[in-house]
Structures are given as structure tokens and as C-alpha cells.
**Q** 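Next up is a structure, given as C-alpha cells.
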Amino acid sequence: MGDLLQGKRILVTGVITDSSIAFDVARLAQEEGAEVVLTGFGRLSLVNRIAARLPKPAPVIELDVTDQEQLDSLAERVREYVPALDGVVHSVAFAPKEALGGNFLNAGWSDVATAVQVSAYSLKSLAMAALPLMERGGSIVGMTFDARYSWPSYDWMGVAKAALESTSRYLARDLGPHGVRCNLVAAGPIKTKAATSIPGYGGFEEVWAQRASIGWDPTDPEPAARGVVGLLSDWFPRTTGEVLHVDGGVHATGC
Ligand SMILES: NC(=O)c1ccc[n+]([C@@H]2O[C@H](COP(=O)([O-])OP(=O)(O)OC[C@H]3O[C@@H](n4cnc5c(N)ncnc54)[C@H](O)[C@@H]3O)[C@@H](O)[C@H]2O)c1
């Protein structure tokens with residue numbers, strides 16, 4: 001227990017199981033003194049059950065990041081629990097199976113468009129939906145998987161992550177005047193629902209077993225979650241448009 005986020009109100013998207021990176025972010029944020037509001041996509045009774053496993057109960061608000069009506073009413077629905085936000089966590093991604101798993105050359109636009117809308121454009125949608133609650137400034141943090149490289153199987157999700165990284169830089173540019181920072185954490189592979197639905201996910205674990213200079217445990221989301229909490233805190237006051245690698249050092253090594 002610390003006080004890194006003491007007094008801060010944080011909106012956390014992306015909890016679906018207790019292995020979700022967002023679950024560990026919400027847990028650590030509460031342990032560091034934050035008041036957390038969760039959003040859930042679709043399966044709200046499941047998300048509510050998972051939310052009950054947090055150190056403190058957290059309300060769950062429905063949010064499909066592609067649903068404009070839900071985005072438009074988000075600020076009002078968050079205000080039922082907290083009057084303003086100091087931080088927003090984007091921990092959302094999805095690509096149809098046709099756009100993953102070695103099918104790069106054959107994937108059609110509608111599947112690619114879904115991947116880009118849910119996984120990249122949504123950072124802008126979420127930021128704009130939350131902005132009315134961030135009049136005193138704040139910190140937005142999203143999750144990427146190093147998009148400077150092509151990876152086996154990752155395919156159009158890799159392209160969506162490149163779009164997410166660029167979106168984050170443009171948000172940093174346009175939200176800076178509002179006092180809002182926007183950064184990403186580039187995590188190594190973590191065994192979550194989204195990750196294990198990528199055909200060939202095991203290949204990532206092998207790469208990290210060989211190349212993570214300081215070691216990497218794919219069953220432990222806490223290092224990535226700590227990176228998110230750090231970026232939500234006041235300890236990175238002039239850092240924006242950044243990608244912070246929490247990947248055991250793989251980004252810095254050759255093969
Ligand atoms: N697990 C990894 O290896 C890894 C590595 C680097 C980055 N990431 C990123 O971390 C983030 C969280 O993923 P995770 O690994 O914790 O998996 P996860 O399956 O636990 O979380 C993905 C979340 O996205 C949500 N989602 C999907 N479509 C949505 C929509 N239309 N609206 C709102 N929410 C929607 C799901 O409900 C789920 O909560 C993703 O951006 C993912 O790409 C994961």
C-alpha cells in the first residue's frame with residue numbers, strides 16, 4: 001500500500017477476467033489510494049463479479065468503445081460516482097480471427113477496419129468522451145505491443161497497434177493544451193484472454209524466454225500494471241506522447 005495515486009479518480013476500461021492487465025491496474029491503483037471506476041464491454045454481470053475481487057468495490061459502467069451513444073453519455077454516467085477524473089486507462093483491443101494468425105495477405109477491409117476501430121481509433125473516442133471530466137488536466141494511458149516490428153501471427157493487430165501509437169502521439173499534441181498527457185505502455189506477452197486468442201501466442205513467450213535480459217513472467221501482469229500506475233501518477237508530469245517499454249528489455253536487444 002502506498003499513496004502514489006492518493007486522491008485521484010481513475011476510469012479503467014478493459015477488465016474481463018482477473019488475468020486482464022486492467023484488473024491489475026485497477027487493483028494497484030486502489031492500493032495506491034485511487035478511487036476507481038470500471039467500464040465493462042457486454043458481459044456486465046461477469047465484469048461485476050470480477051470487480052468484486054478488487055480490494056475495494058468498484059462501480060462498473062457499460063462501454064462499447066465503438067458505440068457513439070454510450071461514448072456521448074459516458075461523462076454523465078461517470079459523474080454518478082465521481083465528479084471528475086484525473087486518469088483514464090485504455091486497455092482495449094480486438095481483431096477478428098480473419099485478421100490474425102498468419103492470414104495477413106488475405107484479410108479483408110471490414111475485418112481490418114474492426115481491428116483498427118476497436119484497438120486504435122477508440123483511444124481518441126475514449127479520450128474525447130472523458131475530456132469533459134478532466135478540466136483540471138490528467139493522464140491517459142493505453143496498452144501497446146511494440147509496433148515498430150512485424151511479429152509472427154500478430155498481423156493486422158500489429159498494424160492497429162502502430163495506429164494506436166500514432167493516435168497517442170496526436171492526442172498528446174492536441175490534449176497537451178488541456179493539461180492532459182497521453183502515453184502508452186508497451187508490455188511483453190501476458191497470458192490474458194485477448195493474448196491467448198491469438199493463434200501462435202506461444203511463440204511470443206518463447207521469444208521473451210530467450211531475449212528478456214531481466215527476465216519475463218507471462219503469467220504476471222503486475223510489471224505492466226505498475227508502468228501504467230506510474231504514468232497515471234504525478235511522477236511523469238512532463239512526459240507525453242511516450243511509449244514506455246515494460247517488456248523485460250526485449251525492445252533493446254538484437255536476436
Ligand atoms: N496480453 C498481452 O500479451 C498484451 C501485451 C501488450 C499489450 N496488450 C494490450 O493490453 C490491452 C488489454 O488486453 P489484455 O491482454 O489485458 O486482454 P483482455 O482480454 O483481458 O482485455 C481486452 C479487453 O478489451 C475489451 N474490449 C474488446 N472490444 C471492446 C469494445 N468494443 N469496447 C470496449 N471494450 C472492448 C474486452 O472486453 C477486454 O476487457 C489490449 O490493448 C492489448 O492489446 C496485451
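Computation of the quantities below employed the complete heavy-atom set of this structure, encompassing side-chain atoms and omitting hydrogens, waters and symmetry-equivalent molecules. One-based numbering, in listed order, for ligands and for the atoms of each.
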**Q** Could you check whether Lys161 pairs with Glu165 (Lys NZ or Arg NE/NH1/NH2 to Asp/Glu carboxylate O, under 4.0 Å)?
**A**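 Result for this pair is no, no salt bridge flagged.
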
**Q** Is there side-chain contact between Met134 and Asp86, with heavy atoms separated by less than 4.5 Å?
**A**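 A side-chain contact under 4.5 Å is absent here.
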
**Q** Look only at the side chain of Ser119 and the backbone of Val116, and say whether a donor-acceptor pair between them is shorter than 3.5 Å.
**A**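 Checking the backbone N and O of Val116 against the side chain of Ser119, no donor-acceptor pair under 3.5 Å is found.
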
**Q** Identify the protein atoms, limited to N or O, that lie within less than 3.5 Å of an N or O atom of ligand 1, and list each pair with its distance to 0.1 Å.
**A**
residue	atom	partner	partner atom	Å
ligand 1	1 (N)	Ile190	O	2.8
ligand 1	1 (N)	Thr192	OG1	3.2
ligand 1	3 (O)	Ile190	N	2.7
ligand 1	3 (O)	Ile190	O	3.4
ligand 1	15 (O)	Thr192	OG1	2.5
ligand 1	16 (O)	Ile21	N	2.9
ligand 1	17 (O)	Thr192	OG1	3.2
ligand 1	19 (O)	Ala194	N	2.9
ligand 1	20 (O)	Ser20	OG	2.5
ligand 1	31 (N)	Asp64	OD1	3.0
ligand 1	32 (N)	Val65	N	2.9
ligand 1	39 (O)	Gly14	O	2.8
ligand 1	41 (O)	Val92	O	3.3
ligand 1	41 (O)	Lys161	NZ	2.9
ligand 1	43 (O)	Lys161	NZ	2.8

**Q** In chain order, what residues pass the ring-ring contact (aromatic ring centres under 6.0 Å, His included) check against Phe145, with sequence neighbours excluded?
**A**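 For Phe145 the ring-ring contact (aromatic ring centres under 6.0 Å, His included) partners, ignoring immediate neighbours, are Trp151, Tyr154, Phe204, Trp208.
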
**Q** Only counting residues at least two apart or in another chain, list the ones meeting side-chain hydrogen bond (donor to acceptor under 3.5 Å, both in side chains) with Thr196.
**A**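 Per chain and number, Thr196 pairs via side-chain hydrogen bond (donor to acceptor under 3.5 Å, both in side chains) with no residue.
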
**Q** For Phe236, enumerate each residue passing the ring-ring contact (aromatic ring centres under 6.0 Å, His included) test, keeping only those at least two apart in sequence or located in another chain.
**A**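 Result, ring-ring contact (aromatic ring centres under 6.0 Å, His included) vs Phe236: none returned.
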
